[in-house]
Amino acid sequence: MNSRQLLKIGVPEYCLKTAKTAIQNKVAEEKVNGKGSGAGKVRGKALKELVQAVVAQPEAFLEDLSFRQLALELIEDNREEVFEPIDYQVWGKEGIDEGAFSQMDLACHVPSARGAALMPDAHLGYGLPIGGVLALEDAVIPYAVGVDIACRMKLSVLDISVDALDQKPHQFVDALNRGTVFGVGAAHEKRQYHGVMDQDWTVSKVTREKKDRAWKQLGSSGSGNHFVEFGVLTFTEADAELGLEAGEYVALLSHSGSRGAGAAVCSTYSSIAQARLHKRHHKLGRLAWLEMDSEAGQEYWAAMNLMGEYAAANHAVIHQNVSEILGSKVVSGVENHHNFAWKEEHDGKEFYVHRKGATPAAAGELGVIPGSMADPAFVVRGKGNPASLNSASHGAGRCMSRNKAKDKYRWKAVRNDLAKRGITVISAGADEVPGVYKNIMEVMAEQQDLVDIVARFNPKVVKMCGDGSRAED
DNA sequence: ATGTAC
């Protein structure tokens with residue numbers, strides 16, 4: 001019997017090897033016993049029924065020479081595990097929905113979990129909630145990194161006077177329109193170049209197969225909450241590390257990730273992990289993990305890190321294109337991943353720290369936390385709070401579902417309203433209007449013990465993925 | 001968030 005047939009009759013994937021050995025032994029055993037008689041051979045339908053019987057009632061086969069090992073593994077698999085889940089601290093509890101808590105509670109039952117925290121922008125996600133932080137020992141969970149591996153922020157400070165935003169708004173609109181492309185599956189007409197395409201994309205089958213698509217999508221922005229925008233960045237005091245005096249600057253801010261390639265890496269390796277999930281852990285579902293000492297675990301780690309570099313390159317291309325069209329130079333900047341896993345030391349031990357919609361905030365570490373298309377983003381400096389595993393929120397967090405938002409808001413009306421407030425939104429949809437997000441000022445207040453605010457960015461010219469069905473996009 | 005198919 002082959003693997004596919006065995007899986008079909010209910011043999012768990014991680015028992016396949018044992019099952020095949022057991023069947024070989026059984027056939028050999030029958031040959032010896034039945035020598036000369038020619039009767040009693042197990043094969044075909046009889047063999048299939050025998051294996052089904054072992055799966056249904058492994059306890060009955062503990063005395064069977066050939067099936068004993070498979071029976072033991074199946075019994076072990078059915079055994080309920082009793083152990084204490086880990087605990088976690090929450091920031092901004094009042095603004096977080098029940099679903100996010102249940103998902104985080106479940107994540108604390110992952111056997112290798114050693115630390116966890118929930119950020120004030122938390123909401124429901126696949127597997128781990130968005131805004132969830134999870135430290136594992138020797139294991140990695142693809143869905144605790146997220147579908148959009150290395151979804152990240154990049155802010156570039158430009159050598160342009162702030163007055164230009166009001167005086168020549170069309171130039172900024174033009175730079176955003178020509179500098180990147182939006183949409184599911186979107187790619188540049190002309191293939192862009194970045195050194196990341198010279199890296200080794202053969203670290204996994206999926207990255208090798210998706211390399212060409214990734215190259216086409218280099219410098220693209222995708223959809224959903226992704227954006228590219230210009231705004232006014234205000235420093236109330238000088239920052240030596242960024243090399244900027246107190247004052248106002250024009251800055252370019254982008255939010256996007258690893259596009260189709262990253263999504264393919266996540267789904268490929270989460271499928272492998274879910275197939276390996278023992279029956280007693282089936283409730284964990286999308287929280288399925290890969291052991292770091294397994295081949296698949298190593299492959300995922302290499303592919304995830306490549307997607308990290310690819311996503312960074314994606315932003316680099318966007319910023320280069322946009323600033324070049326504008327004829328400006330980048331004088332300073334900040335960038336950070338907020339969907340990623342890092343090998344870090346906490347409490348003297350090495351963990352794989354997953355931040356899914358959480359900003360790394362070790363002591364002194366710079367990051368960017370956006371609000372919404374009309375609300376400020378903040379440049380922050382981490383405080384290294386160990387209870388949050390050196391993390392902070394990655395934004396304000398949604399407080400309304402995309403579907404509800406499409407019922408409640410009319411995009412055209414919101415856009416006109418924002419225009420009156422001096423914010424030009426080139427394209428977007430009702431599901432991303434400011435009202436679907438929590439108040440960023442409140443969220444920042446909830447995490448004063450996680451980050452210091454370094455500078456404030458007020459959006460002025462915004463581009464997001466438009467809804468193709470609307471002519472006014 | 002992504003993009004296509006046991």
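Letters A, B, ... mirror the listed sequences (proteins, then strands); counts begin at 1.
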Peer 1: For the residue pair A:His255 / A:His338, report whether a side-chain donor-acceptor contact shorter than 3.5 Å exists.
Peer 2: yes

Peer 1: Give the rounded distance in Å between these two atoms: CZ of A:Phe182 and C1' of B:dT2.
Peer 2: 15 Å

Peer 1: Would you please name every residue forming a side chain to side chain donor-acceptor pair (under 3.5 Å) with A:Asn314, sequence neighbours left out?
Peer 2: none

Peer 1: List the residues meeting ring-ring contact (aromatic ring centres under 6.0 Å, His included) with A:His315, not counting sequence neighbours, and say none if there are none.
Peer 2: none

Peer 1: To the nearest Å, how far apart are A:Lys356 NZ and B:dA1 C1'?
Peer 2: 11 Å

Peer 1: Just the rounded figure in Å: distance from C1' of B:dA1 to OH of A:Tyr143.
Peer 2: 10 Å

Peer 1: Classify the nucleic acid contact of A:Arg4 as base, sugar-phosphate or nothing, counting any heavy atom under 4.0 Å across all strands shown.
Peer 2: nothing

Peer 1: Mind checking whether A:Tyr409 and A:Trp411 have ring centres under 6.0 Å apart?
Peer 2: no

Peer 1: Filter on salt bridge (Lys or Arg N to Asp or Glu O under 4.0 Å), then keep only pairs touching residues 215-226 of chain A, sequence neighbours left out; what's left?
Peer 2: A:Asp212-A:Lys216

Peer 1: Please identify each residue that fulfils salt bridge (charged side-chain N to carboxylate O under 4.0 Å, His left out) with A:Glu344, with sequence neighbours left out.
Peer 2: A:Arg355

Peer 1: Using whole Å, report how far CZ of A:Arg402 lies from P of B:dA1.
Peer 2: 5 Å

Peer 1: Sequence neighbours excluded and cut-off under 3.5 Å, please list the side-chain donor-acceptor pairs for residues 260-271 of chain A, or say none.
Peer 2:
from, atom 1, to, atom 2, distance (Å)
A:Ser267, OG, A:Ala264, O, 3.4
A:Thr268, OG1, A:Ala264, O, 2.7
A:Tyr269, OH, A:Glu299, OE1, 2.6
A:Ser270, OG, A:Gln274, NE2, 3.0
A:Ser271, OG, A:Ser267, O, 2.8

Peer 1: Restricting to salt bridge (charged side-chain N to carboxylate O under 4.0 Å, His left out), what partner residues turn up for A:Arg456, sequence neighbours left out?
Peer 2: none

Peer 1: Sequence neighbours excluded, which residues qualify as side chain to side chain donor-acceptor pair (under 3.5 Å) partners of A:His354?
Peer 2: none

Peer 1: A:His123: which residues meet the ring-ring contact (aromatic ring centres under 6.0 Å, His included) condition with it, sequence neighbours left out?
Peer 2: none

Peer 1: Using nucleotides 4-6 of chain B, report all nitrogen or oxygen pairs with the protein that are shorter than 3.5 Å.
Peer 2:
from, atom 1, to, atom 2, distance (Å)
B:dT4, OP1, A:Arg213, NH2, 2.9

Peer 1: Please enumerate all residues that pass ring-ring contact (aromatic ring centres under 6.0 Å, His included) together with A:His278, with sequence neighbours excluded.
Peer 2: A:Tyr14

Peer 1: Contacts to DNA chain B from residues 122-130 of chain A, heavy-atom cutoff under 4.0 Å, which residues?
Peer 2: A:Tyr126

Peer 1: Looking at DNA chain B, which of residues 215-228 of chain A put a heavy atom within less than 4.0 Å of it?
Peer 2: A:Gln217, A:Gly222, A:Ser223, A:Gly224, A:Asn225, A:His226

